Visitor: 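Structure below; questions to follow.
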There are 2 protein chains.
Amino acid sequence: MARLSDIIEDFIKDMLKEKENGIEIQRNELATYFKCVPSQINYVIGTRFTTEKGYYVESKRGGGGYISIKQVSISKPYEYMMHVILSMGETLSQQSAEIYINNFVDYNIISKEDSVMIKAAVSNNALKSVDIIKRNQVRVDILKNMMLRRVV
Amino acid sequence: MARLSDIIEDFIKDMLKEKENGIEIQRNELATYFKCVPSQINYVIGTRFTTEKGYYVESKRGGGGYISIKQVSISKPYEYMMHVILSMGETLSQQSAEIYINNFVDYNIISKEDSVMIKAAVSNNALKSVDIIKRNQVRVDILKNMMLRRVV
DNA sequence: CTTTCTTTGACTATCTCTGACCTTATTATA
DNA sequence: TATAATAAGGTCAGAGATAGTCAAAGAAAG
């Protein structure tokens, strides 16, 4: 059974596809349409339209309020990559790693096939014999090393 | 009498036969159907639907959660890779890893560019924060995971 | 008799949905 | 203009819905 959040996510993504310059939605309107509480719209945006995933969200309260969603432009892959590597920090969960890797595909830095392989390299399964405490540290080291080699 | 785990295994395999693109199951639903505890489903999947046996399993928790199982098509590269992976053993030096990776390039399983990236993933530099004692074990895990996903 | 495989259940982790309460912006009115 | 009413959107904690882990008990095989 598809989750409501997924349905709303798809709905918003469809809207974004049609509009080049981002969209503006009414939170209450959307909630009424999907027969859910307004805060579920926040949940969807908060979990699916994050900065990490390449979205830029703004909103305004009060009369005539709105939520605007834009997709970050993908102009300079190399600079993006270096920026991301430098901003990764010293530790990385499997989940966060996958978000980064999906972004690399979106930015045409790696192919879909490579992304599968890279995800495998940093999966908990591959790192199962690394101490839990160190695992996220090893993960980020591996990902940085791979991505550096790819763009250099 | 056949063990329950075998019955569940057969049931899932029958489902897989009918669906070309893999299946999605509900752990609790299946457990109810077979009148067993949910964790037995994990046991069956963990012992019968492993990567080594050619299956790829993903799951998600929470509302609308699922376990998805896909059967890997047994291609020539897959068989070759499986053979190589099984021969790798439980530990691998950086030097040996590079020999394997070079062979994969020769066999046209990966590109030269990918080989650079894979070598980076299993380099001592990427694994610098893994205990020396465990490093060769982690290295082989990573390489196995990556290569399996590449041929799958 | 020992080892390995199976079954069970208590506890844990994660994701989704809901509602009460809060903050901010605009508009109407005294 | 100051104030009140109205019209948005935001936050957060808790309830609900799944799945995962692990160790111990039980059963089967060697």
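Source: prediction; values computed, not measured.
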Visitor: Could I get the full list of side chain to side chain donor-acceptor pair (under 3.5 Å) partners for B/Thr32, not counting sequence neighbours?
Guide: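 B/Thr32: no side chain to side chain donor-acceptor pair (under 3.5 Å) contacts found.
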
Visitor: In this structure, how many angstroms lie between the P atom of D/dG9 and the CD atom of A/Glu24, rounded?
Guide: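 From A/Glu24 CD to D/dG9 P: 10 Å.
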
Visitor: For residues 107-132 of chain B, pull every pair meeting ring pair (Phe, Tyr, Trp, His ring centres under 6.0 Å), keeping only residues two or more places apart or in separate chains.
Guide: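 Listed once each, the pairs are B/Tyr80-B/Tyr107.
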
Visitor: Near DNA chain D, which residues from residues 9-16 of chain B have a heavy atom under 4.0 Å away?
Guide: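 Residues of residues 9-16 of chain B that come under 4.0 Å of DNA chain D do not exist, since none gets that close.
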
Visitor: For A/Leu30 and C/dC17, what is the distance between atoms CG and P respectively, to the nearest whole Å?
Guide: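 Spelled out: CG on A/Leu30 to P on C/dC17 is 14 Å.
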
Visitor: Holding to side-chain contact (heavy atoms from CB on, under 4.5 Å), I want the full list of residues that pass it with B/Val57, two or more places apart in sequence or in another chain.
Guide: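 Checked B/Val57 against side-chain contact (heavy atoms from CB on, under 4.5 Å); matches are B/Ile45, B/Phe49, B/Ile67, B/Ile69.
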
Visitor: Does A/Gln95 reach a base, just sugar-phosphate, or nothing at all? Heavy atoms under 4.0 Å.
Guide: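 Counting heavy atoms under 4.0 Å across all strands, the contact made by A/Gln95 is with sugar-phosphate only.
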
Visitor: So which protein nitrogen or oxygen atoms get under 3.5 Å of nucleotides 10-13 of chain D's nitrogens or oxygens?
Guide:
residue : atom : partner : partner atom : Å
D/dG10  : OP1  : A/Ser59 : OG           : 2.9
D/dG10  : OP2  : A/Asn42 : ND2          : 2.7
D/dG10  : O4'  : A/Arg61 : NH2          : 3.1
D/dG10  : N7   : A/Arg27 : NH1          : 3.0
D/dG10  : N7   : A/Arg27 : NH2          : 3.2

Visitor: How close do B/Ala97 and B/Arg139 get, heavy atom to heavy atom, and via which atoms?
Guide: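 The pair with the smallest heavy-atom distance is CB-CD, 3.9 Å.
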
Visitor: Just grab all the salt bridge (charged side-chain N to carboxylate O under 4.0 Å, His left out) pairs involving residues 34-47 of chain B, residues at least two apart or on different chains.
Guide: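 Applying salt bridge (charged side-chain N to carboxylate O under 4.0 Å, His left out) to every pair that reaches into residues 34-47 of chain B, excluding sequence neighbours, yields nothing.
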
Visitor: Per the salt bridge (charged side-chain N to carboxylate O under 4.0 Å, His left out) rule, what does the pair list look like for residues 57-66 of chain A, sequence neighbours excluded?
Guide: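 Listed by first then second residue: nothing to list.
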
Visitor: Do B/Gln94 and B/Ser123 meet the criterion of a side-chain donor-acceptor pair at a distance under 3.5 Å?
Guide: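 No.
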
Visitor: Nearest-Å distance, CG (A/Asn28) to P (C/dT24)?
Guide: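 After rounding, the reported distance stands at 18 Å.
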
Visitor: Within the sub-3.5 Å range, which N or O atoms of nucleotides 2-6 of chain C have a protein N or O partner, and how far apart are they?
Guide:
residue : atom : partner : partner atom : Å
C/dT6   : OP1  : B/Arg3  : NH1          : 3.3
C/dT6   : OP1  : B/Arg48 : NH2          : 3.1
C/dT6   : OP2  : B/Tyr43 : OH           : 2.3
C/dT6   : OP2  : B/Arg48 : NH1          : 3.3
C/dT6   : O5'  : B/Tyr43 : OH           : 3.1

Visitor: Please report, rounded to the nearest Å, how far the P atom of C/dG9 is from the NZ atom of B/Lys35.
Guide: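 About 15 Å, once rounded to whole Å.
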
Visitor: Any pair with a residue in residues 102-128 of chain B that passes salt bridge (charged side-chain N to carboxylate O under 4.0 Å, His left out), sequence neighbours left out, goes on the list, sorted by first then second residue, please.
Guide: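 Listed by first then second residue: A/Asp141-B/Lys128, A/Arg150-B/Asp114, B/Asp114-B/Arg150.
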
Visitor: Does anything in residues 83-92 of chain B form a side chain to side chain donor-acceptor pair (under 3.5 Å)? List the pairs, not counting sequence neighbours.
Guide: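 Qualifying pairs, neighbours excluded: none.
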
Visitor: Check residues 14-30 of chain A and write down every donor-acceptor pair under 3.5 Å in which the side-chain atom is one partner and the other belongs to a residue at least two apart or another chain.
Guide:
residue : atom : partner : partner atom : Å
A/Gln26 : NE2  : A/Gly65 : O            : 2.4
A/Arg27 : NH1  : A/Asn42 : OD1          : 2.6

Visitor: B/Glu58 CD to C/dT14 C1': how many Å, rounded?
Guide: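 So the CD-C1' distance, B/Glu58 to C/dT14, works out to 16 Å.
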
Visitor: Under the salt bridge (charged side-chain N to carboxylate O under 4.0 Å, His left out) definition, can you give me all pairs with a residue in residues 70-89 of chain B, not counting sequence neighbours?
Guide: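 Pairs touching residues 70-89 of chain B that pass the test: none.
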
Visitor: Separation of B/Phe34 atom CZ from C/dT7 atom P, in whole Å?
Guide: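 In whole Å, C/dT7 P lies 12 Å from B/Phe34 CZ.
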
Visitor: Expressed in angstrom and rounded to an integer, what is the separation of A/Gln94 atom CD from D/dG20 atom C1'?
Guide: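 In whole Å, D/dG20 C1' and A/Gln94 CD are 13 Å from each other.
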
Visitor: Within this structure, what is the CD1-to-C1' distance between A/Ile45 and C/dT16, rounded to whole angstrom?
Guide: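 Checked: the CD1 to C1' distance equals 16 Å.
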
Visitor: Using a cut-off of 4.0 Å on non-hydrogen atoms, how would the nucleic acid contact of A/Gly65 be classed: base, sugar-phosphate, or nothing?
Guide: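 Contact class for A/Gly65: sugar-phosphate only.
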
